Amino acid sequence: MTVELTQDQMKMAETELKGYLPKSLQVYGYLVLKNRVTSDPARVFVDKWPHFNVIICKPHIEQESDLFRDTVVFANNQAILEQTIRKSSVVDWSRYLCLGASLVNMEIFKAVASESDVPYKQLAACHMMILEDVSKLPSLDSSKISLSSLDISHLGLVNQMWKFGEDAASGMICNMITNFPSCCVLDAEGKPVSWILTYPSCAIGMLYTVPEHRGKGYAKILICTLARKHYAQGYPVYCFIEEENMVSYSIFKNLGFTEVPSHREVWFEFNDYYISR
């Protein structure tokens, strides 16, 4: 039996998750934004209330462009997590699911899915990196470039350049651009040539610079700018870096972000999203 949280209960859950930082950071960050910013609808479930062991944040899926929205999970007890996903209807194994969780918790989902012959595939395995002291960010000269925020007219460009971008991701990216902090560098024609966004989990990411504008220091300027925005609004300042992306790892590390030791967040897809169209 699971409990769906009310808005007031989500605020209490945010406080409760502070006690499990940094491992709870993805779900904690999700609630930080959910409790402060009007954004696309989502439901939050726990195994029991008020002292929960499992919390699942589940976005509203209505059409194809919504399918890539992440369901994110935190659990401090793997046995209760397994019991929760077996006995509740929160996870619908008949439909496509894009899921983000710690590596150890993801093993539970994989085991339950295998028993029901649900296919799954790893999308990403990431280092979690946190900026503890924003004041130590370098002062970088941005006086000669045009800095702005992304707007909805940039949705197609961002979706096209993201490695996971496709029709199923456009709803998530639209939500990010419309409702959460972002930053970009504009060229002389007002077109973004480098950008960074905020995920629904409050992680900064989707960093990209078009090839002909690389090597100009844009990525560092954007990271520092968005990190300061997050800090000023009371948001956690952190990111996920894919294990094989050593270029981004080095950039964030050199700016003062530190990795959470022996912790990996992973994203898996269950079922083929085409069967859910």
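What you are looking at is a predicted structure, and each value in this text was computed from that prediction instead of being measured.
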Can you list everything that forms a side-chain hydrogen bond (donor to acceptor under 3.5 Å, both in side chains) with [X]? Sequence neighbours excluded, please.
X    : value
E115 : R86
S153 : D151
S248 : N245
S24  : none

Not counting sequence neighbours, which residues clear salt bridge (Lys or Arg N to Asp or Glu O under 4.0 Å) with [X]? List them please.
X    : result
K191 : none
D70  : none
E242 : K163
K136 : none

task = Return the set of residues passing side chain to side chain contact (heavy atoms under 4.5 Å, CB included) with V134 (not counting sequence neighbours), or none when no residue passes.
result = L131, L137, R228, Y231, V237

inquiry  = For L103, give me all partners under side chain to side chain contact (heavy atoms under 4.5 Å, CB included), at least two apart in sequence or on another chain.
reply    = E107, R264, V266

Considering all heavy atoms of both residues, which atom of [X] and which atom of [Y] are nearest to each other, and what is their separation?
X    : Y    : result
E259 : H127 : OE2-ND1, 2.7 Å
Q9   : T6   : OE1-N, 2.9 Å
K58  : S89  : NZ-O, 4.2 Å
I196 : G205 : CG1-O, 3.5 Å
E269 : Y96  : OE1-OH, 2.7 Å

Polar side-chain atom of [X] near backbone of [Y] as donor-acceptor pair, under 3.5 Å:
X    : Y    : value
S142 : I145 : no
N271 : W93  : yes
N159 : L155 : no
D66  : Q63  : yes

Take atom [atom1] of [X] as the centre, draw a 6.0 Å sphere, and report whether it contains more than 12 heavy atoms from other residues, nucleotides or ligands.
X    : atom1 : answer
K23  : NZ    : no
K220 : NZ    : no
K216 : NZ    : yes

inquiry  = We want to know whether H230 and T198 form a side-chain donor-acceptor pair, criterion being a heavy-atom distance below 3.5 angstrom.
reply    = yes

Working to the nearest 0.5 Å, report the span between [atom1] of [X] and [atom2] of [Y].
X    : Y    : atom1 : atom2 : value
S194 : M161 : OG    : CE    : 12.0 Å
L67  : I61  : CG    : CD1   : 6.0 Å
W195 : S148 : CH2   : OG    : 13.5 Å
I204 : S182 : CD1   : OG    : 12.0 Å
I152 : I173 : CD1   : CD1   : 10.0 Å
D47  : T84  : CG    : OG1   : 4.5 Å

Taking the side chain as every heavy atom from C-beta outward, state whether [X] and [Y] have any atom pair closer than 4.5 Å.
X    : Y    : answer
C57  : F74  : no
K253 : S250 : no
F180 : N175 : yes
L255 : C224 : yes
M176 : V158 : no
S149 : K229 : yes
F257 : C239 : yes

Output side-chain donor-acceptor pairs under 3.5 Å for residues 26-34, partner residues at least two apart or in another chain, one line each.
{"from": "Q26", "atom 1": "NE2", "to": "E265", "atom 2": "OE1", "distance (Å)": "2.8"}
{"from": "K34", "atom 1": "NZ", "to": "S39", "atom 2": "OG", "distance (Å)": "3.3"}
{"from": "K34", "atom 1": "NZ", "to": "D40", "atom 2": "O", "distance (Å)": "2.5"}

Going only through I, L, V, M, F, W and Y residues with side-chain contacts under 4.5 Å, is there a path from [X] to [Y]?
X    : Y    : answer
I241 : M246 : yes
L21  : V72  : yes
V247 : F252 : yes
I177 : L186 : no

Which atom pairs, donor and acceptor, lie under 3.5 Å between side-chain atoms of residues 10-19 and protein residues at least two apart or in another chain?
{"from": "E14", "atom 1": "OE1", "to": "N35", "atom 2": "ND2", "distance (Å)": "2.8"}
{"from": "E14", "atom 1": "OE1", "to": "R36", "atom 2": "NH1", "distance (Å)": "2.9"}
{"from": "E14", "atom 1": "OE2", "to": "R36", "atom 2": "NH1", "distance (Å)": "3.2"}
{"from": "E14", "atom 1": "OE2", "to": "R36", "atom 2": "NH2", "distance (Å)": "3.0"}
{"from": "T15", "atom 1": "OG1", "to": "K11", "atom 2": "O", "distance (Å)": "3.4"}

task = Evaluate the criterion side-chain contact (heavy atoms from CB on, under 4.5 Å) for residue pair R214 and Y208; output intermediate values, then yes/no.
result = CA-CA 9 Å; R214 292 174 184 172; Y208 184 83; 3.5 Å; yes

Mutual orientation of the aromatic rings belonging to F240 and Y238 [parallel < 30°, tilted 30-60°, perpendicular > 60°] = perpendicular

inquiry  = Evaluate I55 against V44 for side-chain contact (heavy atoms from CB on, under 4.5 Å), listing each step before the verdict.
reply    = CA-CA 7 Å; I55 182 166; V44 179; 3.8 Å; yes

task = Using the side chain to side chain donor-acceptor pair (under 3.5 Å) rule, take S143 and D141 through it: C-alpha gap first, then chi angles, then the decisive distance, then the call.
result = CA-CA 6 Å; S143 60; D141 183 13; 2.7 Å; yes

inquiry  = Checking T71 against F270 for the side-chain contact (heavy atoms from CB on, under 4.5 Å) test, could you report, in this order, the C-alpha distance in whole Å, the side-chain angles of both residues, the deciding distance, and whether it holds?
reply    = CA-CA 11 Å; T71 293; F270 296 84; over 6 Å; no

query = What do the steps show when you test L147 against L222 for side-chain contact (heavy atoms from CB on, under 4.5 Å), and what is the final call?
reply = CA-CA 8 Å; L147 284 177; L222 292 178; 3.8 Å; yes

Proximity of F109 and F268 rings by center, below 6.0 Å = no

request  = Measure centre to centre between the rings of F68 and W162, then say whether the value is under 6.0 Å.
outcome  = yes

